[in-house]
Amino acid sequence: MGKTEEVVHNLQSTDLEVRRGAARYIKNAIIGNTIKKRQYAKLGVIKRLVEILASDQDDNIIIQSAAAIGSFACGTDENMKTVNESGAGKLLLQIMTHNNPKVVETASRSLKIIFFSKNYPRASMFAQDEGCNVILSLLQSHNSECVREVAAIIMAGGCEDLPHLCSYYFSKGGLPLLFHLMKSPSIKSQEAAMAAIAALMNDSQEICEAVASEQFHSELCYIISLVKHTSPKMRLYAIYIISNMCCTKTLPLQYQPLVKQLIPSIIKLFSEESVRVDAPRVLAKMVGFNEELQIIATEAEAVPKLAALLQASSSNERLRENVLQALAVIASLREECRKQVVEAQLLTPIVASLKSENPSIRAAACRCCRSFSRSVKHLRTSLVDAGVALPLFQLLDDKAIEVQIAASATLSNIVIDFSPMKRIVLEHGGLGKLIGLLKSSESTLRLNGIWGLKNLAYEGEVELKQAILKELTYEGLYKLMEDEDPAIREQSLYLLRNFLFSHVDQLWDNPQQISELIRKIEKQFEEQRVKEKQEILKQVIYVVCNLATGSDLHQNSIMSSSIPSHLLHYMQHKSGPVKVAAIWCAMNLSWSEGTTPTSSVNQRSIKLKEMGFSQILSSMSEDP
Amino acid sequence: MKSLLASCKFSGIQRSEKSSYPVTFEIKHVDTEQCILSGYLTITGLTKDYHVLTTFVEGEIIGHKYSFLTRKWHADEAKDTAHWSKFPGFAQYSHCFNDENFYHNYLDSDFIFMRWKESFLVPDHKVKSIDGASYDGFYYICYQKSTNKITGYYYLSTTPNEMFQSLELRCVPQRSFPAFEFR
């Protein structure tokens, strides 16, 4: 038996001394030695060491085993996987409550390595509240600075991946503990505390409001001052915290003027090695939905600096994802910003990232494309030049839902009439794909599907509209108009409105179809009388408006329904746009093409007059 | 914004000193928050290569985002004043339009002022130049809500004194309204 096999055999020994010796031997042998790690791993040593951690009582052997496991986790992907699946992480967390400081220190070091290793299933550590409770108690009462620091960064890491942990930690008093750690003399502890506070506050209205409250006003004041700290990490976390407060609209008034000045500070952090991976994500957070800040960012040269980071990110997926996210946000609202991104030659790498192996990168690249697709100009120029249509189209079938969502949203814009890519998408089965989205179990995808159909039908030729109706079917359309989701009802009414534009006679050409449509419209009006949703109401009225440009048959069908009485009611509505839409309906119903009205037109006009329409029209002195 | 909506069409004439050509303008998109508008401007019979020539127009709506003062495209304050003054609707603002805090409230006024800049050809945006036509300058535009008419004057820095190229468009009536929205 070789030495390796002998040692492994000894690990199983009932004699404590022998086991201890074997564990220590392995721990020393594998340090920095990939070959030895592989050899021992093959012989099932990792599993055995974990068993020892779980059952052995002796302090020394626990120390040796914990250290060895940490070492294995530093190695190959395969070893990391074995360690992750072995439950070592959870065990080590428990061991951190041990009364021997040396044991705790070793366990914490290995735990840190394991927790932050690639693909570690963080959810498993916090599956029950117990894991969180251990973290909280370590943060609260442990003597060792090092242990409190590890507890804080594990708290931070857990909250990043599992947002529900934030409210748990918060409800159990985690925030004051972190504020306390924030003032520790050790810079590492301060940074760990800030990381955890930032992660806790991420997207949390509740926690941001708490931090903004009177109770913590001096802590907040202190955090704000940290934007000028010498440590880049401290600056980053402080700015991240402020960004979250901006997003949740909880930043107290007196600090708001500061925000503009922070933009150049974040951009400077792009060149700090320790934080450059996360800095773009913080920028994205800060300027999201805020045009003014987006402009300030572009004036502070954010775009060329992001371009440089993107170039340097070929080996760092996290960085790439964050840069793409920042670009997507910067280009989301203003043409000036989009122009800069195009001029920095960024569209090519963005489109290339649509094919990344990493789903988060694909999703971020999609969001960039979506930002550009919100511009008529770019739909006709830069997106065409970058060849975005087909790669995006393929992402509709992506494994990751967030990619499908971003791709389908972008596609909804690409199928608009003035987009040259509309044709390519249709040729590749775009219509079928959009209709397929309507069957998804994910509500955002359904909404993107109907939105895309609405945009597709906009100013479309009759053949296209016929094709859509053939696949969707009239029943399908009517069903969507009664969907439980009001957003989908609204979009389907838009779609109907677009169908009726220019092509009433061709698409609803027989009396049964027409009377069915009238019934459906009447139903919509009835529902609106019970509970009004203004956006939906407006679309219903425009449906009537467009329908009323059809033949006499269509117009007379409207007249003999309850619709005119609804229109009369809405011509006196408090909302200007609703009134205007109703007036157009009345005008269309009494419209005469030539100078001599036909008898049908006359009949309709008389009836409208009888109902009181002309009285109301003349009483309106304001110009619609 | 009565007729300044996507899909609205205007038709009329572009007049220069010696000739006039039929012109149409089709609005493609209006963003009232960003104060921008885009559309296709089509002119017929201008050049021999393109009997029907369509350009993509980017419009700035004068208001809280864009001031009467152009500050680009080689148009200085004097040029701005000279061109805006050609619109009767501008008279009420001629004394204050370059004040620090003034901005034109187009929602409240009968007039909407704009600058229109042609950026590229439709359908092929890659064509860089055309024989016999240029779109290096821009138009000063006034739309009057009550008459539904658009008037415009073209300014090109290389022919700064030629104020003869003008645009007169009338809204093509529409009774039926499609809609799209960016997602």
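- Heavy atoms closer than 4.5 Å to chain B are found nowhere in A/T410, neither backbone nor side chain.
- Taking the six-membered ring wherever Trp is involved, the centroid distance between the rings of B/F56 and B/H125 does not fall below 6.0 Å.
- Each of A/I416, A/V384, A/L456 has some count of heavy-atom pairs under 4.5 Å with chain B, and the biggest count is that of A/I416.
- Neither the backbone nor the side chain of A/I414 comes within contact range of chain B, judged by heavy atoms closer than 4.5 Å.
- Contacts between A/Q491 and chain B at a heavy-atom distance below 4.5 Å involve the side chain alone, from C-beta outward.
- For B/F177, the parts lying near chain A are the backbone and the side chain together; criterion is any non-hydrogen pair under 4.5 Å.
- Here B/H83 and B/Y153 keep their ring centres 6.0 angstrom or further from each other.
- Taking a cutoff of 4.0 Å between a charged side-chain nitrogen and a carboxylate oxygen, A/R604 and A/D552 qualify as a salt bridge.
- Close placement of the B/Y140 and B/W84 rings is indicated, their centers lying within 6.0 Å of each other.
- At a 4.5 Å heavy-atom cutoff, the contact between B/E181 and chain A is made by backbone and side-chain atoms alike.
- Side-chain contact, B/S11 with B/R170: no donor N or O sits under 3.5 Å from an acceptor N or O.
- At a 4.5 Å heavy-atom cutoff, the contact between A/L333 and chain B is made by backbone and side-chain atoms alike.
- Residue contact with chain A, scored on non-hydrogen atoms closer than 4.5 Å, involves the side chain of B/E26 exclusively.
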**side-chain hydrogen bond (donor to acceptor under 3.5 Å, both in side chains) assessment of B/E168 paired with B/Q14** = CA-CA 6 Å; B/E168 251 175 60; B/Q14 173 163 290; over 6 Å; no

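- If you tally non-hydrogen atom pairs under 4.5 Å between each of B/A6, B/P123, B/S176 and chain A, the highest count goes to B/S176.
- In this structure, A/R374 fails the cation-pi test against B/F182, since its NZ or CZ atom is not both closer than 6.0 Å to the six-membered ring centre and inside 45 degrees of the ring normal.
- The greatest number of non-hydrogen atom pairs below 4.5 Å with chain B, out of A/Y494, A/F499, A/W591, is found for A/W591.
- The parts of A/T381 that come within reach of chain B are both its backbone and its side chain, each placing non-hydrogen atoms under 4.5 angstrom from that chain.
- Your options are B/K28, B/E33, B/K126, B/Q34, and the one with the most heavy-atom pairs under 4.5 Å with chain A is B/Q34.
- For B/S38, the part sitting under 4.5 Å from any heavy atom of chain A is the side chain, from C-beta outward, and nothing else.
- Ring centroids of B/F90 and B/F68 are separated by less than 6.0 Å, placing the two rings close together.
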**Request:** Check step by step if salt bridge (charged side-chain N to carboxylate O under 4.0 Å, His left out) holds for A/E490 and A/K454.
**Result:** CA-CA 10 Å; A/E490 188 188 340; A/K454 156 185 107 184; over 6 Å; no

